Amino acid sequence: MAYLNDNYLKLKAGYLFPEIGRRVKAFCDGNAEAAQRLIRCGIGDVTEPLPPAVVAALHKAVDEMAARETFRGYGPEQGYDWLRAAIAQHDFRARGIDIADDEIFVSDGSKCDCGSILDVLGAKNKIAISDPVYPVYVDTNVMAGHTGEANEVGAYGKIVYLPCRPSNGFIPEPPKKHVDVIYLCSPNNPTGAAATRAQLEAWVKFALANKSIILFDAAYEAYIKDPAIPHSIYEIPGARECAIEFRSFSKNGGFTGVRCALTVVPKSLLAQTKSGEFKPLHPLWARRMTTKFNGVSYIVQRAAEALYSPEGKAQVAALIAHYMGNAAVLRAGARKAGLKVFGGENAPYIWVRTPKGVTSWQAFDKILHAANVVITPGSGFGSKGEGFFRISAFNSRANAEEVARRLQELKW
Ligand SMILES: *Cc1c(COP(=O)(O)O)cnc(C)c1O
């Protein structure tokens, strides 16, 4: 007899996006006219096509693959040297951050990396996760057996939840008790909050004092407008000794369907063995990647490289400006509708408080039925997300303007 992984049975059944899909489908099936008017501001996926510099690089790479002389088979598992060098140079060293080319690991997505990183971390770690948050951090820890069962509001035993509220600007403060691994996401999905330098300094100080590791998800760093907000955890002195950073080309280059991301593991980052010795994680992650992964395709890595060309950079800046223009429209619209609005200034997400007495899912249903707009209920991101909903700025400008208008017409 074969045994299954019982941890999977602990996962809460109704994962957020399938439930949204179910409700939207039920609504549209009975209402063809409203289905026509439907505008989706739900799932965090980009809407605009790839930058022309990327498209040109893709075509060129395909042609190279078509000729025997330039054809490529397996590449290095950690990524081609030229892409690792471009990333380390443009994203880090050009900003005065000390990161070596071989501390960059190219992958097919940050979502996978956020989950896979648990392969190189021990099973006894006390895990701290923001609430609300990107559901991947919690669910991958459940799958790995790092948690107890879920309670009525979906909180799992053994995880230390770090509440994100208006009073802390939705950036958690370090806990009073010891934790070993901390997930931080800034700019944040779903709240749109971005951690200040002082907030990140407090976390690095905590991590160094507790010999803990920060898993820093910077998928939205390109959306930071405020020059005082750090783009990387490594802008904070000491972070090379306590942090792993995840980055992705999904939200800056529009690579959600192309698939390319990277993880930074500094060679100076150590963790403890069972016998109490401190050893670097870098060789473990290198071993993990070479064993379980065969690299991102040559074509896609050339596409990612093109994002660092002068044209690529200008085109990414234009994409971000487009989405952030939408965010401004949506923020203003929700505010004029009398709603309390957060985020949307350094991130493509607007985090809105529901009117008094209205739950997140009630707000979802109301906005779906009365405004024919799909948003994301905050409670789907964690129990502290109850009483909020997320509006995504990934859309056309016309749709963002229309959503802003419909929100103002809505009678609660
Ligand atoms: C979109 C997103 C990512 C990127 O994931 P990919 O697998 O690289 O597409 C990572 N973290 C968060 C919080 C995200 O919202």
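It should be emphasised that the depicted structure is a prediction, and the values quoted were computed from it without experimental measurement. Every number for a ligand or one of its atoms is a count from 1 in the order of the listing.
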Identify all side-chain donor-acceptor contacts of residues 378-386 below 3.5 Å with residues at least two apart in sequence or on another chain.
unit_1, atom_1, unit_2, atom_2, d
Ser383, OG, Asp131, OD2, 3.1
Glu386, OE2, Ser360, N, 2.7
Glu386, OE2, Ser360, OG, 3.1

Atom pairs and distances, side-chain donor-acceptor, residues 252-259, under 3.5 Å, sequence neighbours left out:
unit_1, atom_1, unit_2, atom_2, d
Thr256, OG1, Asp45, OD1, 2.6
Arg259, NE, Asp108, O, 3.3
Arg259, NH1, Thr256, O, 3.0
Arg259, NH2, Asp108, O, 3.2

Say whether Glu64 and Tyr298, considering side chains only, have a donor N or O and an acceptor N or O under 3.5 Å apart.
yes
Would you please say whether a donor-acceptor pair under 3.5 Å links the side chains of Arg95 and Ser232?
no
Verify whether one side chain among Asp217 and Tyr137 offers a donor that lies under 3.5 Å from an acceptor in the other.
yes
For Tyr234, ring-ring contact (aromatic ring centres under 6.0 Å, His included) partners two or more places apart
none
Could you go through ligand 1 and note, for every N or O atom, any protein N or O atom closer than 3.5 angstrom, writing the atom names and distance to 0.1 Å, or 'none'?
unit_1, atom_1, unit_2, atom_2, d
ligand 1, 7 (O), Ser110, N, 3.2
ligand 1, 7 (O), Lys111, N, 2.9
ligand 1, 7 (O), Arg259, NH2, 2.7
ligand 1, 8 (O), Ser110, N, 2.7
ligand 1, 8 (O), Ser248, OG, 2.7
ligand 1, 8 (O), Ser250, OG, 3.4
ligand 1, 9 (O), Ser250, OG, 2.6
ligand 1, 9 (O), Arg259, NH1, 2.9
ligand 1, 9 (O), Arg259, NH2, 3.3
ligand 1, 11 (N), Asp217, OD1, 3.4
ligand 1, 11 (N), Asp217, OD2, 2.7
ligand 1, 15 (O), Asn189, ND2, 2.8
ligand 1, 15 (O), Tyr220, OH, 2.6
ligand 1, 15 (O), Lys251, NZ, 3.3

